[in-house]
Amino acid sequence: GENVEQHPSTLSVQEGDSAVIKCTYSDSASNYFPWYKQELGKRPQLIIDIRSNVGEKKDQRIAVTLNKTAKHFSLHITETQPEDSAVYFCAASRGKAAGNKLTFGGGTRVLVKP
Amino acid sequence: NAGVTQTPKFQVLKTGQSMTLQCAQDMNHNSMYWYRQDPGMGLRLIYYSASEGTTDKGEVPNGYNVSRLNKREFSLRLESAAPSQTSVYFCASSEVPKNEKLFFGSGTQLSVL
């Protein structure tokens, strides 16, 4: 089955700096890569996703890049703000055709210091 | 719309006891999922249901059973709880095949003593 590794496990940044989280996956048939944000005590929520036919996607201060050859993808948060403090999870799946059964990484706890 | 509703929010069990976690969604989604969340391990899929009447094992199904009672409801049962099942459990649904986005419930914090 799929295996998703996520690094780092914790990340502390100064407000205004950038944060980068990296994930690798093992299943070459995976074609859907979402990122979920989980604030303390809350449920995970989708913040951005990318499909294997796209190399990069941006949404305001958040961007995701995908390297299919190397089987890794990354989340970039620019101009970090205190409200970006949360745990971020990457995930991978074979997409809609396979029921979108996601395999998640272990999570990255991001702390943005004011 | 309430979205995905899970009950209970908290539960403490003794080893060997049984219980059922309830989940319901009001978004008319076909697909529903049960995940468990443990520190440092992300979320791991326990069971999945593509539609009413169908269920499929995920990564960690041992010790669990599920029922997709109808399109709205997907329950998770622990027949004989073990301390290793202490975890936070999340139910989720999605509009697959239209959209892969998962909508999560608020979670159930389960402790097995």
Side-chain angles (χ1 to χ4, degrees), chain A residues 1-11 21 23-27 30-54 57 59 64 75 86-109, chain B residues 2-7 9-10 21 23 25 27 29-52 54-61 66 68 74 87-109:
Chain A
E2 175 67 277
N3 182 47
V4 177
E5 301 275 349
Q6 183 172 347
H7 300 281
S9 57
T10 59
L11 181 58
I21 304 169
C23 290
T24 59
Y25 63 98
S26 61
D27 184 0
S30 287
N31 58 22
Y32 175 67
F33 307 92
W35 287 86
Y36 282 79
K37 175 183 180 181
Q38 186 179 28
E39 296 176 357
L40 188 62
K42 305 285 188 181
R43 69 196 75 188
Q45 293 191 303
L46 179 70
I47 54 171
I48 195 167
D49 56 14
I50 191 168
R51 289 175 176 76
S52 58
N53 58 348
V54 174
K57 184 176 179 180
D59 183 3
V64 58
L75 178 72
V87 179
Y88 292 80
F89 295 98
C90 63
S93 80
R94 293 187 174 189
K96 307 173 193 180
N100 193 37
K101 289 178 281 187
L102 292 172
T103 300
F104 284 85
T108 297
R109 184 174 301 277
Chain B
V4 180
T5 304
Q6 274 182 249
T7 56
K9 291 193 184 305
F10 301 95
L21 281 64
C23 176
Q25 51 91 11
M27 295 174 283
H29 289 169
N30 285 318
S31 295
M32 296 186 74
Y33 313 78
W34 276 105
Y35 282 91
R36 60 177 286 174
Q37 183 176 27
D38 302 290
M41 302 187 77
L43 296 107
R44 292 180 292 167
L45 183 64
I46 305 171
Y47 268 95
Y48 158 70
S49 172
S51 61
E52 180 182 349
T54 69
T55 61
D56 193 14
K57 293 179 181 179
E59 297 171 66
V60 289
V66 289
R68 185 73 183 269
F74 188 37
S87 188
V88 179
Y89 292 85
F90 284 99
C91 176
S93 70
S94 77
E95 209 179 359
V96 167
K98 282 185 188 177
N99 190 315
E100 298 101 327
K101 178 179 178 179
L102 287 185
F103 292 83
F104 284 90
S106 56
T108 297
Q109 192 165 318

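Computation of the quantities below employed the complete heavy-atom set of this structure, encompassing side-chain atoms and omitting hydrogens, waters and symmetry-equivalent molecules. Keep in mind that this is a model prediction, so the values were computed, not measured. A note on names: the letters A, B, ... follow the listed sequences, proteins ahead of strands, and every chain is numbered from 1.
- How far CZ of B:Phe103 is from CZ of A:Arg43: 11.0 Å, rounded to the nearest 0.5 Å.
- Proximity to chain A (any heavy atom under 4.5 Å) is restricted, for B:Val4, to the backbone atoms N, CA, C and O.
- For B:Leu102, the parts sitting under 4.5 Å from any heavy atom of chain A are the backbone and the side chain alike.
- Sparse packing is recorded around CE of B:Met41, with 12 or fewer heavy atoms of other residues, nucleotides or ligands lying under 6.0 Å away.
- Residue contact with chain B, scored on non-hydrogen atoms closer than 4.5 Å, involves the side chain of A:Gln38 exclusively.
- In this structure, the portions of B:Phe104 lying under 4.5 Å from any heavy atom of chain A include both its backbone and its side chain.
- Annotation: maximal heavy-atom pairing with chain A below 4.5 Å, among B:Ser94, B:Gly40, B:Pro39, occurs at B:Gly40.
- When each of A:Gln6, A:Arg51, A:Arg109 is scored by its heavy-atom pairs under 4.5 Å with chain B, the top score falls to A:Arg51.
- Between B:Phe90 and A:Lys42, the shortest heavy-atom contact is CZ-O, 4.2 Å.
- Atom OH of B:Tyr35 sits about 9.5 Å away from atom NZ of A:Lys101, to the nearest 0.5 Å.
- For the set A:Ala91, A:Pro44, A:Gly1, the entry with the most heavy-atom pairs within less than 4.5 Å of chain B is A:Pro44.
- In this structure, the portion of B:Asp56 lying under 4.5 Å from any heavy atom of chain A is its side chain and not its backbone.
- Rounded to the nearest 0.5 angstrom, B:Lys101 NZ and A:Gln45 CD are separated by 7.5 Å.
- For A:Pro34, no part sits under 4.5 Å from any heavy atom of chain B, backbone or side chain.
- Minimum heavy-atom separation, B:Glu59 to A:Leu102: OE2-O, 4.4 Å.
- Between B:Ser31 atom OG and A:Lys96 atom NZ the span is 12.0 Å, to the nearest 0.5 Å.
- In this structure, the portion of B:Gln37 lying under 4.5 Å from any heavy atom of chain A is its side chain and not its backbone.
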